[in-house]
Amino acid sequence: MGRGVTLFRCALGASVAGLLGACGADAQDSTVFEEAGFVIAPGEEFGLEVEVARQRAAQEAAAACMREQGWPYVPWSGFELVAESAFSAPPLGTSEFAAERGYGLLIGFPESILTHPSAKQDPNQVFFDGLSDEEKFAYSQTRLGADGGDGVRRASVDEDLYDEGGCLGRELRRDGGYQRGSLLGSLFGPYQQLQDQVNADARLLAYDEEWSRCMAESGFRYESSPDARDEFQMRYDELWASVFFPATAVPSDDVAAMSESERAELYALQPEYDREQWRRWLDAEIEVAVADLACQGDDARYDTFSEVLAEFEDQFIADNQVVFDELDAVSG
């Protein structure tokens, strides 16, 4: 197996879905799918604390840099809003997790919507939204380099800093994680296609048929565990589509004309959604997830799925060799 694949395994954990993989000898015994966090064994921890600490350090360094460049900046990461609620969660795939969080979908909805730009939870938006268009470009380029603008560096932005990715981008790129994250994210689409192929395997179809009979005895009609999970992903999406963000009701010109204290008051208004419906759907998700695990029993679907998936590893690597080669180059 090529060196790029080894680097891929060591890099994936911290970059995909916030999951942290091993970079020691144990990595050699895992498939690329496990190291990517695409497949998580029941009972494993999320390992989010390391990534939160990494992003927090980057934000704090960026704040000092922004101040040196003459801009106010408050360290803030939307990732922490989502990750924090998972710190105390039971291990994924366990009966304890299912009883508390179902499939882990709707439980995180209230925090997830706060990460949307329209929620205006980033404290820096209070200052930023009062700037002129040109000032916004200068601010964004100081923060993110070329990623923060239209490709034309403003004269007030330090050229070297711009080329390095800006105050925040430079910090995120410092250990290669930013570049790896972009490359690894490009593998998620191909993996989803492969997942459909694996789920159509005769061994999983036989497993799902027996599981479906068990679920029917409990009053649930699903063809497979992924089918059950997908229902609550749809409920999640329905709720998301109905969210109202108060700040979006005010024209942008009116927002810009406000004082910072007035914008802060507006942005303090929380997103609105049907909380009773969310609770009902979360309760239903928990009920189904608990029954799902009970029907799987000691013969977890994960085991059969992983066995079939591993048979596709070499072909997956070959089909995405360009990405693996780029990962090799990024990691040196």
Side-chain angles (χ1 to χ4, degrees), residues 16-19 37-38 40 46 48 51-52 55 76-123 125 129 185 188-189 191-192 195-196 199 212 215 218-252 255 265-295 301:
V16 179
L19 300 168
F38 294 152
I40 308 172
F46 282 109
L48 299 176
E51 181 62 14
V52 166
Q55 293 205 22
W76 184 85
S77 171
F79 179 75
E80 288 196 46
L81 289 176
V82 179
E84 191 170 330
S85 67
F87 286 162
S88 60
L92 183 68
T94 61
S95 57
E96 293 82 6
F97 185 97
E100 178 183 310
R101 306 173 74 86
Y103 292 107
L105 295 170
L106 286 160
I107 188 72
F109 181 81
E111 291 82 17
S112 294
I113 60 175
L114 294 178
T115 67
H116 192 283
S118 295
K120 300 295 185 180
Q121 294 300 297
D122 181 349
Q125 289 294 139
D129 288 347
F188 189 65
Y191 170 74
Q192 287 184 308
Q195 189 177 38
D196 292 339
N199 282 325
S212 182
M215 289 291 283
S218 298
F220 301 111
R221 302 289 179 180
Y222 298 106
E223 294 183 358
S224 66
S225 180
D227 181 35
R229 186 184 185 281
D230 286 348
E231 176 183 341
F232 295 102
Q233 180 63 60
M234 287 191 294
R235 298 291 176 262
Y236 181 102
D237 294 341
E238 286 179 38
L239 272 178
W240 188 277
S242 69
V243 174
F244 170 69
F245 296 101
T248 63
V250 181
S252 58
V255 171
E265 184 176 352
L266 173 64
Y267 293 173
L269 299 175
Q270 295 293 294
E272 299 172 10
Y273 60 96
D274 190 335
R275 294 178 183 272
E276 292 184 1
Q277 183 65 78
W278 167 70
R279 186 70 246 185
R280 285 193 295 270
W281 282 345
L282 174 58
D283 289 343
E285 179 187 338
I286 290 172
E287 185 179 10
V288 171
V290 169
D292 182 343
L293 280 185
C295 283
R301 190 181 192 276

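The residues of the chain are indexed from 1 along the displayed sequence.
The two residues P271 and A119 make their nearest non-hydrogen contact at CG-CB, 4.1 Å. Heavy atoms only, all atoms of each residue included: A98 and L293 are closest at CB-CD1, 3.8 Å. Annotation for K120 and A247: closest pair CG-CB, 3.8 Å, computed over non-hydrogen atoms.
Aromatic ring centres of F109 and Y236: separated by under 6.0 Å.
From W240, atom CH2 reaches atom CD of Q233 across 11.0 Å, with rounding to the nearest 0.5 Å. Distance check: S118 OG to I113 CD1 gives 11.5 Å after rounding to the nearest 0.5 Å. Rounding to the nearest 0.5 Å places CG of L282 at 13.0 Å from OH of Y103. With values rounded to the nearest 0.5 angstrom, E80 atom CD is found 9.5 Å from W76 atom CH2. The CH2 atom of W278 sits 13.0 Å away from the OG atom of S242 when rounded to the nearest 0.5 Å. With values rounded to the nearest 0.5 angstrom, S218 atom OG is found 9.0 Å from E287 atom CD.
With a 4.5 Å cut-off on side-chain heavy atoms, V288 and Y222 count as touching. Residues I107 and E100 have side chains not in contact (no heavy-atom distance under 4.5 Å, counting atoms from C-beta outward). In this structure, the side chains of L239 and L106 come closer than 4.5 Å at one or more pairs of heavy atoms. Looking at R279 and E276, their side chains never come closer than 4.5 Å, going by heavy atoms from C-beta outward. Contact check for V243 versus E272: no side-chain heavy atoms found under the 4.5 Å cut-off. F244 places a side-chain heavy atom less than 4.5 Å from the side chain of P246. Contact check for Q270 versus Q121: side-chain heavy atoms found under the 4.5 Å cut-off.
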Is there a side chain to side chain donor-acceptor pair (under 3.5 Å) between Q55 and S77 once you walk through the steps? CA-CA 7 Å; Q55 293 205 22; S77 171; 2.9 Å; yes
Chi angles and distances behind the side chain to side chain donor-acceptor pair (under 3.5 Å) call for Y267, D122: CA-CA 9 Å; Y267 293 173; D122 181 349; over 6 Å; no
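Under 4.0 Å is where a charged nitrogen must lie from a carboxylate oxygen, and between R229 and D292 no such pair does.
D230 meets the salt bridge (charged side-chain N to carboxylate O under 4.0 Å, His left out) test with no other residue; sequence neighbours excluded.
Among pairs with a residue in residues 232-249, those fulfilling salt bridge (charged side-chain N to carboxylate O under 4.0 Å, His left out) read E231-R235, R235-E238, at least two apart in sequence or across chains.
The number of heavy atoms from other shown groups lying within 6.0 Å of CD (E265) does not exceed 12.
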